[in-house]
Colleague: 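The following block contains the structure, expressed as C-alpha cells.
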Amino acid sequence: MTHLRTARPREPEPRGPVAARGRPARCCGGGRRSAPSVGVVRLQGVSGLFISFEGGDGAGKSTQLGLLADSLAAGGHREVVRTREPGGTELGRTLRDLLLHGADLDPRTEALLFAADRAYHVASLIRPALARGAAVLTDRYLDSSVAYQAGGRTLPAEDVERLSLWATDALLPDLTVLLDLDPARLSERLTDAPDRLERAGSEFHARTRQAFLDRAAADPGRWLVLDATRAREDLAAAIRARVDALLANQVTAGQQR
Ligand SMILES: Nc1ncnc2c1ncn2[C@@H]1O[C@H](COP(=O)(O)OP(=O)(O)O)[C@@H](O)[C@H]1O
Ligand SMILES: Cc1cn([C@H]2C[C@H](O)[C@@H](COP(=O)(O)OP(=O)(O)O)O2)c(=O)[nH]c1=O
C-alpha cells in the first residue's frame, strides 16, 4: 500500500507556512510562526493535497483512507499516494517494528523514534509527492504523537509538538480527519494481538482520545471530526465532501495566482 519513491531534490527552504500547505503551523504554547493570516499559501507550482487520518487503533482510519484514495483515483486525481506512520518508508518499517513490537521504551525515547520516522517520511516521501502535485493520504501523522506521547504518556504537549514541527520543517496537513470512538468500542474492533501501544491500558487510551478531541477543537479549520460508529459509506461521503471543498479552494487559489 505504501509507495516508496525516489526522493527528488528538496524544494527551496520555505518560509513559515509551508507549513503548511496553507496551514500556518501552530507551535509551542499557542504562538504562530510568521505566516499570512488568510488564504491558501502554496509553493510556486505546487498543487498537492495533504490529508491525515487520526483516531484510536481500530477506529476505521485505513478503511476510510482506502475509500478516499479509490474515490480520488476514480475521479481522475493526478496521483494518489497512500502512506502511514510509523513505517511509511523502508527506514520507517524498521522503526515501526521496534516501536510496536520491541522492548519497553521510556517516553522520551519513544517520542524521538516516532519523530525520526516522521522526519524521514516527510523528507523522502511526502514533500516530494506534494511537489509533484499528488494527493498524499497518511494513516496517522504528527497529531498521533501529541495524542499518544503527550496525552497518553503525559510528556508535555508543547515539547512533543515542537519536536514534530522541527522534524517535519513545520509541515501540517491541509485536512486531518479524526475518527472518534470510545476506547471500549475500539478494542472490540481489534483483530490482531495487541501491540505495545494497544496494551497501554484504558486510562492511557481515554487520555489519547481526549487529546485528539482537544486538538481538533482548537483548530477546526484543519480538522474534520466524525463519529466512527457511523456507517462506512456515510463517513466516506462526509470526508469526500470536505475534500471536494478543499479541491475547489485550490482551483480558486490557482486561478487567482
Ligand atoms: N464504520 C465502521 N463501522 C464498523 N466497523 C468498521 C467501520 N470502519 C471500519 N470498521 C472495521 O473495524 C476494523 C478496524 O478498521 P481499520 O480501518 O483497520 O481501523 P484502523 O486503521 O483505524 O486501525 C476492521 O475490521 C474494519 O472492517
Ligand atoms: C504515528 C504514531 C503512532 N503511535 C501509535 C498509535 C498506534 O497505537 C501505533 C501505530 O499502530 P498502527 O497499527 O499503525 O495503528 P492502528 O492500529 O490504528 O492501525 O503507534 C504513536 O504512539 N505515536 C505516533 O506518533
Side-chain angles (χ1 to χ4, degrees), residues 1-2 52-70 82-89 92-93 95-102 104-122 126 137-155 157 159-168 173 176-202 204-209 211-212 215 226-239:
M1 155 172 128
T2 299
S52 60
F53 289 78
E54 298 284 6
D57 308 278
K61 299 179 298 300
S62 24
T63 301
Q64 291 305 322
L65 187 155
L67 290 171
L68 179 62
D70 292 347
R82 306 175 184 202
T83 188
R84 71 171 176 186
E85 290 190 1
T89 62
R93 281 186 276 286
L95 293 173
R96 178 182 174 90
D97 202 38
L98 293 170
L99 279 161
L100 301 192
H101 307 294
D104 266 349
L105 297 170
D106 64 280
R108 286 168 189 262
T109 304
E110 184 179 280
L112 286 164
L113 290 178
F114 277 115
D117 167 70
R118 183 161 304 125
Y120 188 64
H121 189 207
V122 166
I126 296 178
L137 313 185
T138 183
D139 188 337
R140 299 193 181 280
Y141 189 60
L142 126 179
D143 300 292
S144 275
S145 278
V146 183
Y148 283 77
Q149 279 63 60
R153 299 286 189 223
T154 70
L155 289 173
D159 291 352
V160 174
E161 180 170 35
R162 195 190 325 246
L163 177 65
S164 265
L165 288 173
W166 181 81
T168 62
T176 297
V177 177
L178 174 58
L179 293 160
D180 177 54
L181 191 58
D182 183 330
R185 303 288 306 276
L186 286 171
S187 50
E188 292 164 12
R189 287 191 183 178
L190 294 180
T191 45
D192 297 334
D195 61 40
R196 215 171 53 77
L197 278 298
E198 286 162 357
R199 289 195 302 267
S202 57
F204 174 98
H205 287 107
R207 288 195 300 275
T208 299
R209 179 193 193 192
F212 276 132
R215 279 180 77 70
L226 296 169
D227 174 352
T229 62
R230 288 165 63 182
R232 291 173 182 77
E233 304 68 31
D234 193 13
L235 291 167
I239 294 167

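Atoms within each ligand, like the ligands themselves, are counted from 1 in listed order. All values below were derived from every heavy atom in this structure, side-chain atoms included, with hydrogens, water molecules and symmetry-related copies excluded. Computed from a prediction, not measured in an experiment: that's the story for all the values here.
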Colleague: Is any side-chain heavy atom of Pro107 closer than 4.5 Å to one of Leu155?
Modeller: yes
Colleague: In the structure I gave you, are the side-chain heavy atoms of Glu233 and Leu67 within less than 4.5 Å of one another anywhere?
Modeller: no
Colleague: Should Tyr148 be counted as touching ligand 2, given the test is an N or O pair under 3.5 Å?
Modeller: no
Colleague: Test of understanding: with side chain to side chain donor-acceptor pair (under 3.5 Å), list the residues that count as partners of Glu110, not counting sequence neighbours.
Modeller: Gln149, Arg153, Arg196
Colleague: Taking the side chain as every heavy atom from C-beta outward, state whether Glu161 and Leu142 have any pair of such atoms under 4.5 Å apart.
Modeller: no
Colleague: Is the backbone N or O of Leu178 less than 3.5 Å from a side-chain atom of Glu54, with the two atoms forming a donor-acceptor pair by type?
Modeller: no
Colleague: Taking Arg96's backbone N and O only, do any of them form a donor-acceptor pair with His101's side chain (distance below 3.5 Å, no angle check)?
Modeller: no
Colleague: Glu198 heavy atoms, cut-off 4.0 Å: which ligand 2 atoms fall inside?
Modeller: 17 (O)
Colleague: Report yes or no: does Asp117 contribute a side-chain atom to a donor-acceptor pair with the main-chain N or O of Gly87 at less than 3.5 Å?
Modeller: yes
Colleague: For Arg189 and Ala59, indicate whether the former's side chain and the latter's backbone hold a donor-acceptor pair under 3.5 Å.
Modeller: yes
Colleague: Any atoms of ligand 2 less than 4.0 Å from a non-hydrogen atom of Lys61? List them with their elements.
Modeller: 16 (P), 18 (O)
Colleague: Is the backbone N or O of Glu85 less than 3.5 Å from a side-chain atom of Arg140, with the two atoms forming a donor-acceptor pair by type?
Modeller: no
Colleague: If we only count N/O pairs under 3.5 Å, is Ala59 in contact with ligand 1?
Modeller: yes
Colleague: Verify, without hydrogens or angle tests, whether Lys61 (side chain) and Gly56 (backbone) share a donor-acceptor contact under 3.5 angstrom.
Modeller: yes
Colleague: Would you say the side chains of Thr63 and Arg232 form a donor-acceptor pair under 3.5 Å?
Modeller: no
Colleague: If you take the nearest heavy atom of each of Leu100, Leu113, Asp117, Asp143, which one is closest to atom 11 (O) of ligand 2?
Modeller: Leu100
Colleague: Are side-chain heavy atoms of Tyr141 and Val122 found at a separation under 4.5 Å?
Modeller: yes
Colleague: Side chain or backbone of Leu235 under 4.0 Å from ligand 1, or both, or neither, by non-hydrogen atoms?
Modeller: side chain
Colleague: Around atom 26 (C) of ligand 1, find the nearest protein heavy atom and jot down its residue, atom name and distance.
Modeller: Arg232 NH2, 3.9 Å
Colleague: Provide, to 0.1 Å, the distance between atom 18 (O) of ligand 1 and the closest protein heavy atom, together with that atom's residue and name.
Modeller: Ser62 OG, 3.3 Å
Colleague: Heavy-atom contact under 4.0 Å between Arg230 and ligand 1?
Modeller: yes
Colleague: Quick one: look up the protein heavy atom nearest atom 24 (C) of ligand 1 and list residue, atom name and how far away it is.
Modeller: Arg189 O, 4.7 Å
Colleague: Using the test ring pair (Phe, Tyr, Trp, His ring centres under 6.0 Å), find all partners of Phe114 that sit at least two apart in sequence or belong to another chain.
Modeller: none
Colleague: Which of the numbered atoms in ligand 1 are below 4.0 angstrom from a heavy atom of Ala228?
Modeller: 1 (N)
Colleague: Kindly say whether Leu235 contributes a backbone atom to a donor-acceptor pair with the side chain of Arg230 at under 3.5 angstrom?
Modeller: no
Colleague: List ligand 2 atoms under 4.0 Å from Glu85, heavy atoms only on the residue side.
Modeller: 1 (C)
Colleague: Does Gln149 reach ligand 2 with a nitrogen or oxygen that is under 3.5 Å from one of the ligand's nitrogen or oxygen atoms?
Modeller: yes
Colleague: Give the residue, atom name and distance (to 0.1 Å) of the protein heavy atom nearest atom 19 (O) of ligand 1.
Modeller: Gly60 N, 3.0 Å
Colleague: Within ligand 1, which atoms have a heavy atom of Gly56 less than 4.0 Å away?
Modeller: 22 (O)
Colleague: Answer yes or no for Arg96: is there a heavy-atom contact with ligand 2 below 4.0 Å?
Modeller: yes
Colleague: For ligand 2, which atoms, with element, lie under 4.0 Å from some heavy atom of Arg118?
Modeller: 1 (C), 24 (C), 25 (O)
Colleague: What protein heavy atom lies closest to atom 16 (P) of ligand 2? Include the residue and the distance to one decimal.
Modeller: Asp57 OD1, 3.5 Å
Colleague: Under 4.0 Å from a heavy atom of Lys61: which atoms of ligand 1 are those, numbered in the order shown and with their elements?
Modeller: 17 (O), 19 (O), 20 (P), 21 (O), 22 (O), 23 (O)
Colleague: What protein heavy atom lies closest to atom 25 (O) of ligand 2? Include the residue and the distance to one decimal.
Modeller: Ser145 OG, 2.6 Å
Colleague: Starting from atom 21 (C) of ligand 2, what is the nearest protein heavy atom, named by residue and atom, and what distance separates them?
Modeller: Phe114 CZ, 3.2 Å
Colleague: For ligand 1, is there an atom lying under 4.0 Å from some heavy atom of Gly58?
Modeller: yes
Colleague: Which residue and atom name correspond to the protein heavy atom nearest atom 17 (O) of ligand 1, and how close is it?
Modeller: Thr63 OG1, 2.5 Å
